[in-house]
Structures are given as structure tokens and as C-alpha cells.
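Read the structure below first, then the notes.
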Amino acid sequence: MSLRVVFMGTPDYGVPSLEALIQAGYDVAGVFCQPDKPSGRGKKITFCPVKQCAIAHGIPVFQPVKTRVDGVEPLRQLAPDLCVTAAFGHILSQEVLDIPRLGTVNVHASLLPKYRGSAPVNWALINGETVTGVTTMMTDKGMDTGDILMQRQVAVEPGDNAGTLVDRLARVGAELLIETLRAIENGTCPRRPQIEAEASYYPLLKKEMGVMDLGKSARQLCDFTRGMNPWPGAYAGAYKVLEARAEDWAGTEAPGTILKADAKQGLWIRAGEGALRVLRMQAAGGKPMNACDYLRGHQMEVGALIAPDKTDAE
RNA sequence: CGCGGGGUAGAGCAGUUCGGUAGCUCGUCGGGCUCAUAACCCGGAGGUCGAGGGUUCAAGUCCCUCCCCCGCAA
């Protein structure tokens, strides 16, 4: 007899895990995700990816405002053996954690205890990691502090940004989740506490964190660009940098100076060390395009500082 | 009706205010120059101006309708 499971998640990252549970034959009694919010152009209500997936499989969906308050009763009634979370976005109280008899397993997109927090993939990229991974762990009251069950490493490819990497990690995480649950059922699942001394925590990303510090090295700005895309995006002045490369540059220009800007060579911006060569970019209100394409129709003055970052509110 | 930008040559844009021969940068094709080049010079091809309707002697441009794309916001 298969376990009765309740899945909790919201964005794309959770979908592969949910699908894996269903496909592996678990009895997914219900799905929790965050309340629907108006989003998208036109401010339409859009169902989150996890909810769409649940509906497609005919699984009941619950969307508590605060799971530790109005989610308690529904969860209790579902009487799960086990809960699985994947980027759910709600902090679970002890009361909630106590409901499933086998506990709550979280699928975290980093090699814990490194990169605890809500944006592990972004930060791993920003820090220039070449290897990251996924961890299944027992959720406790802390922020990603519970005991580690299983881990799997995933290589970071040079062409990765947060979007592509999250995607890959989500799929690996789904596999690891099933492997973990099988082991739990057999009573063979490994389990070890996290080593606090090796732990690191990184905060949730905010829109304003996307502003580039052009005083940093080109290498760092490159990693920053990868980590901040597709959201919130890495901004150099008024331009969103989608893809960039670090180039050597000897010169005394101030960071932020436009070094090259034409349809042949593309856009080069002076960094604290080296030059940031912008490959793909997006101007305010415009669509994403190659820097060379952009420069065919727009003038940028070489020698000037990059863009008047139109500042304004947030 | 949340706010806003846009659809013109293969790519990126200007031209629309005030209707009057379709323009720029790049690419492409041909030729030239050069030890050489992503350099430079000369020449050519390539456009139902998102779709439909209307006004007009004349519409990319003015009026109406529709389709599509994108940014903010999340």
C-alpha cells in the first residue's frame, strides 16, 4: 500500500516533484500552494504552475493564506502519512509539521548546509560555484536546517542562468525525492544532521538587488548576470543585461564607461577589473535582443558612462 | 477595463506632429583597394509600411475595427 502524501509547492520548481510523486504511484491526497494573485499583463488571475499541474491530475488544491493558521485543519483532514515541500514559500509551524506521522520532506536546490534560504540557485551562480545540487531533508522549524537525507551533485554549465539551472535541479530533485521516499518506506533512508559550522544562508532576492555594481570585476558581473536572470534581472544603468562575457581590458577608464558600442563589436562596458562584454540585453520597454542588433538601431556614445539609470520609484 | 511601449527590406531603427517619389545603420550580392582585415571605396538586389474598412486627386502618415508582440507590476 502506497503512502498517502500531501504536496506543497508553488512555482515551476515544484512541478517535476509533484509529477514524479503521481507517476511513482503515491496517493497524492492534496496539493497546497499559495493563493492565486493577479499577475501577468492585464492583471489576470493566473494559477501557479503547481496548481495547474494538480488540477490537470484531478487532485484537490488548497490555498491557505498562512498554512500555520488556516492550513492546519485541511491538512489534518487529509491525514497524510507524509508531506513533501518544494519551494512552497510558507513557513510551517511545529503544529503543521506534527500532522504527517512520517514527517515532512523538503526538496532543496542546493547542497545543504550551504545555501540555505529561498534563492539558493541564484546565489550559487552569483558566487561563481561550478557545482551545486539538490538535497532532500526533513523539514524542521528552522530555515532549511533539518536533517539531510540524500543529496545529489549537479554541475553548473557555463551557459547556465538561474532559469536553466533551476530547471535542471528541479528534475534531479524529483528523482531524488522518489529515491528518498522509497528508502523511507523501506526503513533504509540515511539521515544526518547538518554541520552548522559549514552552513550558509542567503536571502530572498528583491527587484532592487538586480542593480549591478560596476566596480566589481567583469568576472563577478558575469556570474551576477547569470544568477539574476531571468528574475530579477541584472541592470547596468537603464539596461537589463541578459547575457555577458568577461573580457580583458587595460585602460584607465572609470567603471561604467562605455568602451565599445557598435554593431560589429557589440557593447563593452568597463568593470572594476576587465570589461563586461554584453551579448544579450534589453532596454526599458523593449524586447530582449543581441547587443549587436540593438546597436544597429540605437546610438550609444563611446566614452560616456552607461545610461542614465532612470531611477524612479519602487 | 491596472499603467505603458511597439509592429516600416534578412536584423535593429527613423519617418507619422503638419498626407505628396520609402530612408538610416548592419547584413547580403557584385566590383575595387590592401601584405592583410570585423578596415576603406564604388555599385546592386531586397519592402503587400501587422490585417481589414473609411476619408482623399493622393495615406506609412488622418478616422474606425481587429490581430500580434513586449515592458512595468506580481
Side-chain angles (χ1 to χ4, degrees), chain A residues 8-15 32-55 61 63-67 86-91 117-119 121-122 161-163 166-167 203-212 225 227-245 247-251 258-269 275-304 306-314:
Chain A
M8 302 177 172
T10 301
D12 287 308
Y13 172 74
V15 173
F32 278 50
C33 63
Q34 294 202 22
D36 299 325
K37 290 177 213 159
S39 72
R41 202 170 295 120
K43 210 180 173 186
K44 289 171 291 224
I45 295 286
T46 317
F47 294 170
C48 67
V50 164
K51 179 172 178 179
Q52 289 180 27
C53 178
I55 290 173
V61 175
Q63 298 176 282
V65 175
K66 274 184 189 266
T67 300
F88 180 35
H90 276 181
I91 294 172
S118 306
V121 183
N122 305 84
N161 63 24
V166 163
D167 233 53
L204 184 64
L205 294 183
K206 295 204 174 88
K207 175 80 177 175
E208 59 270 24
M209 294 168 79
V211 179
M212 281 187 177
T225 298
M228 297 306 260
N229 278 301
W231 194 92
Y235 290 84
Y239 303 93
K240 184 193 273 188
V241 178
L242 301 177
E243 203 182 319
R245 223 161 63 190
E247 301 280 355
D248 291 329
W249 185 268
I258 296 172
L259 301 172
K260 303 182 180 186
D262 61 70
K264 296 259 168 67
Q265 305 176 95
L267 176 62
W268 293 46
I269 302 169
L276 187 70
R277 180 180 187 177
V278 179
L279 300 177
R280 283 176 58 72
M281 59 189 287
Q282 184 168 22
K287 56 183 168 186
M289 63 179 85
N290 295 325
C292 292
D293 290 339
Y294 180 81
L295 290 164
R296 284 192 188 98
H298 301 85
Q299 286 291 318
M300 288 181 83
E301 188 186 345
V302 173
I306 184 78
D309 51 335
K310 56 154 192 184
T311 319
D312 83 317
E314 273 310 327

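Just so we're clear, the structure is a prediction, and the values are computed from it rather than from any experiment.
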Can you tell me the base-pairing partner of [N]? Count Watson-Crick or G-U wobble geometry only, both distances below 3.5 Å, and say none if there is no partner.
N     : result
B:A38 : none
B:C57 : B:G20
B:G43 : B:C29
B:C49 : none
B:C3  : B:G71

**Study point:** Residues in side-chain hydrogen bond (donor to acceptor under 3.5 Å, both in side chains) contact with A:Y13, at least two apart in sequence or another chain
**Key:**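 A:Y13 satisfies side-chain hydrogen bond (donor to acceptor under 3.5 Å, both in side chains) with no residue once adjacent residues are dropped.
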
Exercise for review: Using side-chain hydrogen bond (donor to acceptor under 3.5 Å, both in side chains) as the criterion, list what pairs up with A:Q265, not counting sequence neighbours.
Suggested key: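 For A:Q265 the side-chain hydrogen bond (donor to acceptor under 3.5 Å, both in side chains) partners, ignoring immediate neighbours, are A:K260, A:D262.
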
With a 4.5 Å heavy-atom cut-off, do [X] and [Y] have their side chains touching?
X      : Y      : answer
A:M212 : A:T225 : yes
A:T10  : A:F88  : yes
A:K51  : A:Q63  : yes
A:N290 : A:R280 : yes

Review point. Considering only B:C70, B:C72, B:G12, which nucleotide approaches the side chain of A:Y235 most closely?
Key: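 Given the options B:C70, B:C72, B:G12, the side chain of A:Y235 is closest to B:C72.
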
Exercise for review: From the options B:C72, B:G12, B:C26, select the nucleotide whose nearest atom is closest to the side chain of A:M289.
Suggested key: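 When the side chain of A:M289 is considered, B:G12 is the closest of B:C72, B:G12, B:C26.
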
Check your understanding: How far does CE of A:M281 sit from CG of A:L267, to the nearest 0.5 angstrom?
Key ->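 Separation between the atoms: 5.5 Å.
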
Point to revise | Spatial distance of atom CG (A:L259) from atom CD1 (A:I269) [nearest 0.5 Å] | key: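 It comes to 8.5 Å.
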
Review point. Hey, which of these two, A:A263 or A:P288, hits RNA chain B nearer its 5' end, going by closest nucleotide?
Key: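 Per heavy-atom nearest nucleotide, the more 5' residue is A:A263.
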
**Study point:** Side-chain N or O of A:Q282 closer than 4.0 Å to phosphate OP1/OP2 of B:G71
**Key:**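 For B:G71, OP1/OP2 do have a side-chain N/O of A:Q282 under 4.0 Å.
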
Point to revise | Residue-phosphate contact under 4.0 Å: A:K287 side-chain N/O, B:G7 OP1/OP2 | key: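 No, no such contact exists.
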
Expected rows: protein N/O vs nucleotides 9-11 of chain B N/O, under 3.5 Å:
residue: B:A11; atom: O2'; partner: A:D293; partner atom: OD1; Å: 3.1
residue: B:A11; atom: O2'; partner: A:D293; partner atom: OD2; Å: 3.4

Could you give the distance separating [M] and [N] at their [atom1] atoms, to the nearest angstrom?
N     : M     : atom1 : value
B:A58 : B:G20 : C1'   : 7 Å
B:U25 : B:C64 : C1'   : 36 Å
B:U16 : B:A59 : C1'   : 10 Å
B:G47 : B:A39 : P     : 26 Å
B:C29 : B:A45 : P     : 16 Å
B:A51 : B:G10 : P     : 14 Å
B:C26 : B:C66 : P     : 41 Å
B:G5  : B:A9  : P     : 22 Å

If I take atom [atom1] in residue [X] and atom [atom2] in nucleotide [N], what distance separates them, rounded to the nearest angstrom?
X      : N     : atom1 : atom2 : result
A:K207 : B:C72 : NZ    : C1'   : 8 Å
A:N290 : B:G27 : CG    : C1'   : 13 Å
A:M281 : B:G12 : CE    : P     : 14 Å
A:L242 : B:C70 : CG    : C1'   : 13 Å
A:L267 : B:G12 : CG    : P     : 18 Å
A:E301 : B:U25 : CD    : P     : 19 Å
A:H298 : B:U25 : NE2   : C1'   : 12 Å
A:E208 : B:C72 : CD    : P     : 14 Å

I'd like a list of close polar pairs between nucleotides 36-42 of chain B and the protein, N/O only, cut-off under 3.5 Å.
residue: B:A39; atom: OP1; partner: A:K264; partner atom: NZ; Å: 2.8

Review point. For A:I91, does the CD1 atom have more than 12 heavy-atom neighbours from other residues, nucleotides or ligands under 6.0 Å away?
Key: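 Counting other residues, nucleotides and ligands, CD1 of A:I91 stays at 12 neighbours or fewer.
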
Practice item. Return the set of residues passing ring pair (Phe, Tyr, Trp, His ring centres under 6.0 Å) with A:Y294 (not counting sequence neighbours), or none when no residue passes. Key: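 Ring pair (Phe, Tyr, Trp, His ring centres under 6.0 Å) list for A:Y294, sorted by chain: A:Y239, A:H298.
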
Exercise for review: Report the residues that fulfil side-chain contact (heavy atoms from CB on, under 4.5 Å) with A:D12, sequence neighbours left out, ordered by chain and then residue number.
Suggested key: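 For A:D12 the side-chain contact (heavy atoms from CB on, under 4.5 Å) partners, ignoring immediate neighbours, are A:P49.
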
